[in-house]
Amino acid sequence: MNLLLLSGSLRAGSTNQAVLNTAAELAPPGVETVLYEGAGDLPLFNPDDDAEGVEVPEAVAEMRRAVGAADAILICTPEYAGALPASLKNVLEWTVGDAGTYRKPIAWINAAGEASPTGAADAHDSLRKVLGYVGATIVEEACTRIPVGRSAVGTSGTVTNQDARRKIARAVETLTRAAQ
Ligand SMILES: Cc1cc2nc3c(=O)[nH]c(=O)nc-3n(C[C@H](O)[C@H](O)[C@H](O)COP(=O)(O)O)c2cc1C
């Protein structure tokens with residue numbers, strides 16, 4: 001079972017990235033996790049670069065291989081300016097061309113903490129909408145809100161709060177069980 005971890009935040013010390021690092025650390029036996037780290041290197045989606053007979057840029061091909069190899073995907077994203085970060089939307093736009101996310105079991109952990117006054121609700125509403133357009137199978141029972149502030153991220157880049165760690169482990173287990 002391959003679980004792809006996809007962050008909507010590109011910055012160092014990201015709380016969303018920390019949640020995914022923790023998901024990797026706590027994944028149950030038999031679950032191989034792969035952190036997708038190429039979102040910042042993907043070109044902006046352009047249908048001309050994804051047309052019949054055109055070879056897609058290598059960064060896109062690499063992302064598609066990672067998505068294709070995944071049995072399930074866990075997303076953790078902040079909200080920027082009332083919606084999904086452009087980098088994450090860009091990844092999802094590129095998956096349309098090869099239907100990589102079609103029927104792929106996907107869940108998210110909303111880690112919005114005190115820095116996010118609206119609880120990133122609009123970002124997750126738009127994530128749900130976009131995942132609907134790309135035909136993903138949203139694993140509702142694994143989608144959850146686990147607030148993680150910056151102070152809950154340790155020097156190793158994982159979440160230190162025990163309650164949050166338990167909830168992250170539960171979300172990973174629920175998603176991967178549903179995907180089996
Ligand atoms: C440019 C910018 C725009 C933001 N816009 C929103 C927003 O619209 N709604 C919200 O709840 N938080 C917003 N935030 C707060 C981020 O969601 C918050 O900082 C989040 O924790 C960042 O996650 P990270 O630590 O993984 O990078 C914004 C932050 C930045 C830098």
Side-chain angles (χ1 to χ4, degrees), residues 3-27 31 33-45 59 62-63 66-67 70 72-95 101 104-134 136 138-140 142-176:
L3 176 64
L4 186 68
L5 306 171
L6 181 54
S7 174
S9 176
L10 301 179
R11 75 165 155 205
S14 155
T15 52
N16 287 279
Q17 185 64 60
V19 169
L20 294 178
N21 293 343
T22 308
E25 190 176 75
L26 302 178
V31 175
T33 56
V34 175
L35 209 52
Y36 176 65
E37 295 182 293
D41 298 322
L42 273 188
L44 289 178
F45 177 65
E62 191 191 319
M63 181 276 291
V67 169
I73 300 177
L74 179 65
I75 295 176
C76 201
T77 183
E79 176 171 305
Y80 287 160
L84 274 191
S87 62
L88 177 58
K89 176 77 167 18
N90 191 44
V91 171
L92 294 171
E93 286 173 11
W94 276 114
T95 70
T101 34
K104 187 79 69 182
I106 298 184
W108 61 78
I109 294 175
N110 177 351
E114 68 274 6
S116 192
T118 61
D122 288 332
H124 289 81
D125 283 351
S126 64
L127 179 59
R128 176 182 292 286
K129 189 171 185 178
V130 174
L131 290 178
Y133 274 104
V134 302
I138 297 173
V139 180
E140 298 286 352
C143 295
T144 186
R145 171 106 191 264
I146 307 173
V148 172
R150 232 157 264 294
S151 60
V153 178
T155 47
S156 64
T158 53
V159 176
T160 53
N161 178 281
Q162 288 305 322
D163 185 48
R165 288 175 67 83
R166 259 193 304 277
K167 289 175 176 162
I168 293 166
R170 199 180 312 139
V172 172
E173 201 195 337
T174 304
L175 171 58
T176 53

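Order of appearance sets the numbers: ligands from 1, and atoms from 1 within every ligand.
Every protein residue with a heavy atom nearer than 4.0 Å to ligand 1 is included here: Ser9, Arg11, Ser14, Thr15, Asn16, Pro78, Glu79, Tyr80, Ala81, Gly82, Ala115, Ser116, Pro117, Thr118, Ala120, Arg150.
Not counting sequence neighbours, the partners of Tyr133 by the side chain to side chain contact (heavy atoms under 4.5 Å, CB included) test are Lys129. For Arg128, the salt bridge (charged side-chain N to carboxylate O under 4.0 Å, His left out) partners are Glu140, not counting sequence neighbours.
Listed for the Asn16 side chain is a donor-acceptor partner under 3.5 Å among the backbone atoms of Thr77.
Looking at heavy atoms from C-beta onward, Pro78 lies in side-chain contact with Pro85 at the 4.5 angstrom threshold.
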Report all side-chain donor-acceptor pairs from residues 147-159 shorter than 3.5 Å, counting only partners two or more places apart or in another chain.
unit_1: Arg150; atom_1: NH1; unit_2: Gly13; atom_2: O; d: 3.0
unit_1: Ser156; atom_1: OG; unit_2: Thr158; atom_2: OG1; d: 3.0

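Checking Asn21 against Gln17 by side-chain atom types alone, a donor-acceptor pair falls below 3.5 Å.
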